[in-house]
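Everything below concerns the one structure shown next.
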Amino acid sequence: MTPALPATAVHATPVLRRCHDCGLLQQIPALPLGSRAACPRCGGGLLAHKRDDVQQSLALYLTALLLWVVANSFDFLTFSLEGRAQPSRLISGAIDLWRDGLGELALLVFLFVILFPLGKILINLAVLLPLHFERRPRYLAPGLRIIETLRPWAMTEVFLLGVLVAYAKLLDLASLEIGPSLIAFVGLIVTVVAADASLHPGEIWERLSPSPNAALPPPAQREQLIGCHACHMVACVAPGASDAAASCPRCDAPLHRRKHNSLSRTWALMIAAAILYVPANLYPVMTVISFGSGSPSTILGGVWELIGSGMWPLALLVFFASITVPVLKLVGLTYLLISVQRGSGAQLRRRTTLYRIVEAVGRWSMIDIFMLSILVALVRLGAIATIEPGVGAIAFAGVVVLTMFAAMSFDPRLLWDAAGANHDR
C-alpha cells in the first residue's frame, strides 16, 4: 500500500538552503504562514510558506483542462472580406505554416501553444490528485521536475499578445469575429495563472519529503553540501566524491555544484543566436498579397506599419519584444560572460538581477512568430487577400530559442565564484 503523506506544516522548522543564484549556504528559520525568505546577499527567493491549497490548485487545473478542450474544439477567429469568410482554430496556424513549407515554425507553435500547456496541466493533475488523497506514488518527483522544465516553454500568454497584435493589424482591413475558442483560451490563461499562484512548487516538495532540520556547519564542512537544482534540498556529498556520482535523496535528480561547461555552452549558443539575428532582420517575415499585388515585410517594417496606422502602443510592444529584447539579451549575456572571465567583483547583486531579467523576458520575443501563425491561418482568401510567411521568421525563431537556452545554460553563481565570494563552494 502506498504510504500516506506526512501532515506536518510546510517550512515550519529551520532548514538549510543554498541560493540558486549566488550559491550562499544559509539556514532559513521557521517561517510564519504567508511569508517568504529571500537571500540576503543577492535577493533571490529561497522559501515560501503559503496556505496548503492543494484542493484549490486541483480544482483550477481541472477547470483548465476543460477550457483547453474547448479552446481546441471550436473556431478561434473568423476573418471576413469581400463577402468571403475564413474561420481558423487554435491549431490552424501550425497546420498552415506546415503546408507553406515552414515545418520548423509549425512545430514550435504547436509545442509552445498547444502541447506543452496541455502537458503542464496533465502532469500537475497527476501530481495533485495523489496529494489530495494523501498518497505518494513513485512518479511524483519526476513529474514535478518535468513541470519545472515545461514552465518557460508553455507560452499561452505570449500567444495571446500575438493575437492582439494580429487583431490590430487586420481590424482596418476586414471584419473579425471572435469565436468561443478564443474566450476559452483567455479563461485557460487566467485559470492556469491562478493555479500556479495558489501552490508553490516548494510546498509540494515539502509534502513529499520534508527537508531535515539542520544547523549551519563550520565553513570547512560546507563544501560537502550541494543544493539540488530541482527540489532545492541541500544534500551532503562525501568528501572527494564526484558530482556525477551523486543524486538528490528526495527527487533523485543528479547533483552538481555548478552547471557543467556553463561558460562554453553559453558562448556557443550566444554566437549562434547573434549570427541568426542578421538574417532575422534582413529577410522578410511575411508577405501580404491583396488583389494580386503585395510587398514583403520585415520585423522593423511591421513596426512602422503599426505606427502608420496610429497604433503606437502595439508598435512599442512589438518593437520592444521583437527587436529590443533580443538585442538586450545578447548584450546582457555577453556582459555577464565577460565579467565572469575577468573575475570582476563589482556590482555582483545588480549583475545577478540582470541575469534574472534576461532569463525572464526572452520568451516574450515569440510574439512576432505567434502573430504570423495567426495571420497566415486567417488571411487565406486566394486572389482577394493572402499572407505568406517568410524565411526571416525561421531565423528569428531560432534567435529566440537559442537565447532562451543560452540564459538557461549560464550559471549566475559563477559571478560570485569569480569574485571570490564563495570560498566554501
Side-chain angles (χ1 to χ4, degrees), residues 20-21 44 94 102-117 119-120 145-159 162 228-230 243 253-254 256-281 285 299 320-341 351-370 373 391-415:
H20 189 68
D21 289 343
L102 300 183
E104 301 88 348
L105 290 185
L107 179 62
L108 291 181
V109 172
F110 175 73
L111 291 176
F112 295 166
V113 180
I114 297 176
L115 186 60
F116 287 167
K120 179 182 174 182
R145 296 205 303 267
I146 294 174
I147 290 172
E148 290 304 303
T149 302
L150 289 179
R151 191 178 301 276
W153 301 104
M155 302 186 186
T156 50
E157 64 277 23
V158 184
F159 184 79
C228 176
H229 70 282
D243 289 359
H256 52 257
R257 289 176 172 83
R258 298 294 181 264
K259 295 179 182 178
H260 185 60
N261 292 331
S262 174
L263 296 183
S264 58
R265 289 191 293 120
T266 306
W267 270 121
L269 292 166
M270 285 280 298
I271 293 171
I275 292 173
L276 283 178
Y277 189 73
V278 177
N281 284 274
V285 294
I299 295 175
F320 178 76
S322 301
I323 297 178
T324 306
V325 168
V327 171
L328 289 179
K329 286 194 71 175
L330 291 170
V331 173
L333 283 174
T334 301
Y335 167 66
L336 293 176
L337 287 166
I338 293 175
S339 67
V340 169
Q341 294 180 326
R351 280 190 279 145
T352 306
T353 302
L354 172 62
Y355 166 74
R356 296 190 193 113
I357 295 172
V358 166
E359 186 182 36
V361 301
R363 62 205 297 268
W364 294 94
S365 297
M366 286 296 293
I367 289 176
D368 257 330
I369 303 301
F370 293 151
S373 70
V391 294
I394 298 178
F396 183 76
V399 172
V400 177
V401 173
L402 287 173
T403 52
M404 288 183 66
F405 277 123
M408 293 174 185
S409 65
F410 180 77
D411 195 332
R413 292 169 294 187
L414 296 177
L415 296 168

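Everything numeric in this text was worked out from a predicted model, so none of it was measured.
- Taking a cutoff of 4.0 Å between a charged side-chain nitrogen and a carboxylate oxygen, Arg356 and Asp21 qualify as a salt bridge.
- At distances below 3.5 Å, at least one donor-acceptor pair connects side-chain atoms of Lys329 with backbone N or O atoms of Thr403.
- Expressed to the nearest 0.5 Å, how far CG of Leu150 lies from CD1 of Ile146 amounts to 7.0 Å.
- Checked against side chain to side chain contact (heavy atoms under 4.5 Å, CB included), Ile357 has the following partners two or more places apart in sequence or in another chain: Thr353, Val361.
- Note that the CZ atom of Arg257 and the CZ atom of Arg413 stand 11.0 Å from one another [nearest 0.5 Å].
- From Leu328, atom CG reaches atom OH of Tyr335 across 14.0 Å, with rounding to the nearest 0.5 Å.
- With respect to the salt-bridge test (charged N to carboxylate O, under 4.0 angstrom), the residues Glu157 and Arg363 qualify.
- Leu336 places a side-chain heavy atom less than 4.5 Å from the side chain of Leu354.
- Scanning all heavy atoms of the two residues, the minimum distance from Gly392 to Val285 falls at C-CG1, 3.9 Å.
- By the 4.5 Å heavy-atom criterion applied to side chains, Ile323 and Tyr277 are counted as neighbours.
- How far CE of Met408 is from NZ of Lys259: 9.0 Å, rounded to the nearest 0.5 Å.
- Using a 4.5 Å heavy-atom threshold, the side chains of Ser365 and Pro326 count as touching.
- Nearest heavy atom pair, residue Ala406 against residue Thr266, reads O-CG2, 3.6 Å.
- Checking side-chain atoms of Thr156 against main-chain N and O of Val113 turns up no donor-acceptor pair under 3.5 Å.
- Checked against side chain to side chain contact (heavy atoms under 4.5 Å, CB included), Trp267 has the following partners two or more places apart in sequence or in another chain: Thr334, Leu337, Ile338, Gln341.
- Using a 4.5 Å heavy-atom cutoff, the side chains of Met155 and Phe370 are in contact.
- Annotation: ring pair (Phe, Tyr, Trp, His ring centres under 6.0 Å) contacts involving residues 391-411, sequence neighbours excluded, comprise Trp153-Phe405, Tyr355-Phe410.
- Glu359 places none of its side-chain heavy atoms less than 4.5 Å from the side chain of Met404.
- The aromatic ring centroids of His229 and His256 lie less than 6.0 Å from each other.
- Between Glu148 and Arg145 there is no salt bridge, since no side-chain N of the basic residue sits under 4.0 Å from a carboxylate O of the acidic one.
- Once rounded to the nearest 0.5 Å, the distance linking CG of Leu105 with OG of Ser373 reads 9.0 Å.
- For the pairing with Val399, the side-chain contact (heavy atoms from CB on, under 4.5 Å) check across Val327, Ile275, Asn281, Leu276 returns one residue only, Leu276.
- Of the possible donor and acceptor atoms, none in the side chain of Lys120 sits under 3.5 Å from a partner among the backbone N and O of Leu115.
- Without hydrogens or angle criteria, Asp411 side chain to Arg258 main chain gives no donor-acceptor distance under 3.5 Å.
- Atoms CD1 and OG, on Ile369 and Ser322 in that order, are 8.0 Å from each other to the nearest 0.5 Å.
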